[in-house]
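One-based numbering, in listed order, for ligands and for the atoms of each. What you are looking at is a predicted structure, and each value in this text was computed from that prediction instead of being measured.
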Amino acid sequence: MQTMSVESTLRAVTTLRLTEMKQRGEKIAMLTSYDYSMAKIVDQAGIDVILVGDSAANVMAGFETTLPITLDMMIYHAKSVVRAVERALVVVDLPFGTYQGNSKLALDSAVRIMKETEADAVKLEGGEEVIESVQRILSAGIPVMGHLGLMPQSIHKFGTYNVRAKSEAEADKLIRDAHLLEDAGCFALVLEKIPAQLGQRVSEELHIPTIGIGAGGATDGQVLVAHDMLGITQAFSPRFLRRYADLGTVISEAVGHYVDDVKSRDFPNEKEQY
Ligand code: KIV
């Protein structure tokens with residue numbers, strides 16, 4: 001009988017490797033992916049962490065907020081991504097309503113993600129309010145990434161997508177929550193849209209890596225939504241977003257060219273037929 005070593009079942013980037021990267025000062029690069037083709041390109045380009053984010057609700061499904069996406073939808077996206085990825089750590093967002101206020105439900109949701117998708121870890125939003133859920137998921141041996149600052153699943157509580165934790169009280173709570181999540185055993189923490197100074201302070205105080213999105217340059221890593229940084233989604237342009245390509249225009253021009261060629265009977269030509 002052939003046995004598989006533990007190492008051979010793990011992807012090259014592990015949660016332990018991320019901690020080591022923080023310790024030696026190597027920045028962590030993380031991007032979202034929601035489908036097989038994009039995940040394959042992103043993985044082969046050398047990304048460390050792929051997040052199957054619930055931003056799929058906006059980017060893939062066209063919902064205005066992240067709230068409507070379901071666990072089944074997230075599992076579908078995550079399975080497609082995992083099939084493509086050989087190197088990066090794959091983290092999957094627990095969607096709204098699958099972990100808050102009920103740690104048994106949280107564990108069931110996380111177990112479904114791990115069993116059905118074979119991803120490496122889950123991510124959830126919140127601090128003290130969800131700590132029981134975090135602990136219960138961790139107790140089953142499932143790695144958890146935290147998420148503080150702007151938490152899009154709480155948009156109806158915040159009322160805006162503006163920068164969070166500008167007041168001393170909110171910054172103090174964020175720092176307390178960051179320590180709570182680290183003490184509970186989270187392996188990393190996303191910090192979204194907070195002042196750079198606060199991002200630096202949290203990153204210096206924690207031993208686990210922080211991954212920022214709009215949290216300044218001192219966090220241990222950075223994350224962006226791939227469709228935003230590639231210019232596929234064009235309406236969204238917050239200050240923190242650097243666009244590395246204008247694929248929206250590239251795709252639009254290519255499609256326009258194809259339409260012209262079909263209409264003018266230029267496509268297909270003799271070499272493009274049997
Ligand atoms: O869902 C998502 O894409 C995220 C990132 C913005 C961190 O949570």
Side-chain angles (χ1 to χ4, degrees), residues 18 27-35 38-39 42 47-71 73-78 80-81 88-100 109-110 113 117 119-127 130 134 143-155 158 160-165 174 178 181 186-194 199 202-203 208-216 219-230 232-233 236-243:
L18 297 182
K27 295 280 187 182
I28 297 163
M30 170 162 142
L31 275 180
T32 58
S33 293
Y34 320 107
D35 68 87
M38 179 72 89
V42 168
I47 206 77
D48 298 309
V49 185
I50 291 183
L51 173 66
V52 185
D54 61 354
S55 50
N58 316 113
V59 177
M60 293 281 107
F63 292 119
E64 216 160 282
T65 72
T66 57
L67 274 66
I69 201 161
T70 64
L71 188 56
M73 290 163 86
M74 289 302 298
I75 286 173
Y76 166 78
H77 287 298
S80 310
V81 166
L89 186 87
V90 180
V91 181
V92 182
D93 261 335
L94 280 167
F96 175 71
T98 66
Y99 62 93
Q100 298 98 334
S109 307
I113 286 180
T117 75
D120 303 303
V122 298
K123 174 167 88 57
L124 50 75
E125 297 179 8
V130 295
V134 169
V144 177
M145 177 180 272
H147 182 150
L148 296 173
L150 177 63
M151 294 178 280
Q153 291 180 14
S154 301
I155 181 60
F158 293 144
T160 81
Y161 287 106
N162 290 345
V163 179
R164 302 306 314 173
L174 188 146
L181 292 168
C186 287
F187 72 92
L189 177 61
V190 165
L191 295 173
E192 180 162 356
K193 226 171 171 189
I194 59 169
V202 174
S203 305
I208 58 170
T210 57
I211 318 277
I213 173 164
T219 52
D220 303 302
Q222 297 292 329
V223 55
L224 286 175
V225 169
H227 287 66
D228 296 338
M229 57 85 83
L230 294 172
I232 298 173
T233 50
F236 183 67
S237 56
R239 188 200 295 192
F240 66 75
L241 176 61
R242 187 181 293 182
R243 283 202 201 285

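Pairs engaging residues 56-71 under the side-chain hydrogen bond (donor to acceptor under 3.5 Å, both in side chains) rule: none recorded [sequence neighbours left out].
Although no hydrogens or angles enter the test, the distance criterion places a donor-acceptor pair under 3.5 Å between the side chain of D220 and the main chain of T210. A distance-only check finds a donor-acceptor pair linking the side chain of K27 to the backbone of T219 [under 3.5 Å]. Remark: side-chain polar atoms of E125 are paired, donor with acceptor, to backbone N or O of Q153 under 3.5 angstrom.
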Pick out the protein N or O atoms lying less than 3.5 Å from any N or O of ligand 1, and list each pair with its distance.
residue  : atom  : partner : partner atom : Å
ligand 1 : 1 (O) : D54     : N            : 3.2
ligand 1 : 1 (O) : D54     : OD1          : 3.0
ligand 1 : 1 (O) : S55     : N            : 3.0
ligand 1 : 1 (O) : S55     : OG           : 3.3
ligand 1 : 1 (O) : D93     : OD2          : 3.1
ligand 1 : 3 (O) : S55     : OG           : 2.5
ligand 1 : 8 (O) : K123    : NZ           : 2.9

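No side-chain heavy atom of D120 sits less than 4.5 Å from a side-chain heavy atom of P143.
Judged purely by distance below 3.5 Å, without hydrogens or angles, the side chains of D228 and T233 pair a donor atom with an acceptor atom.
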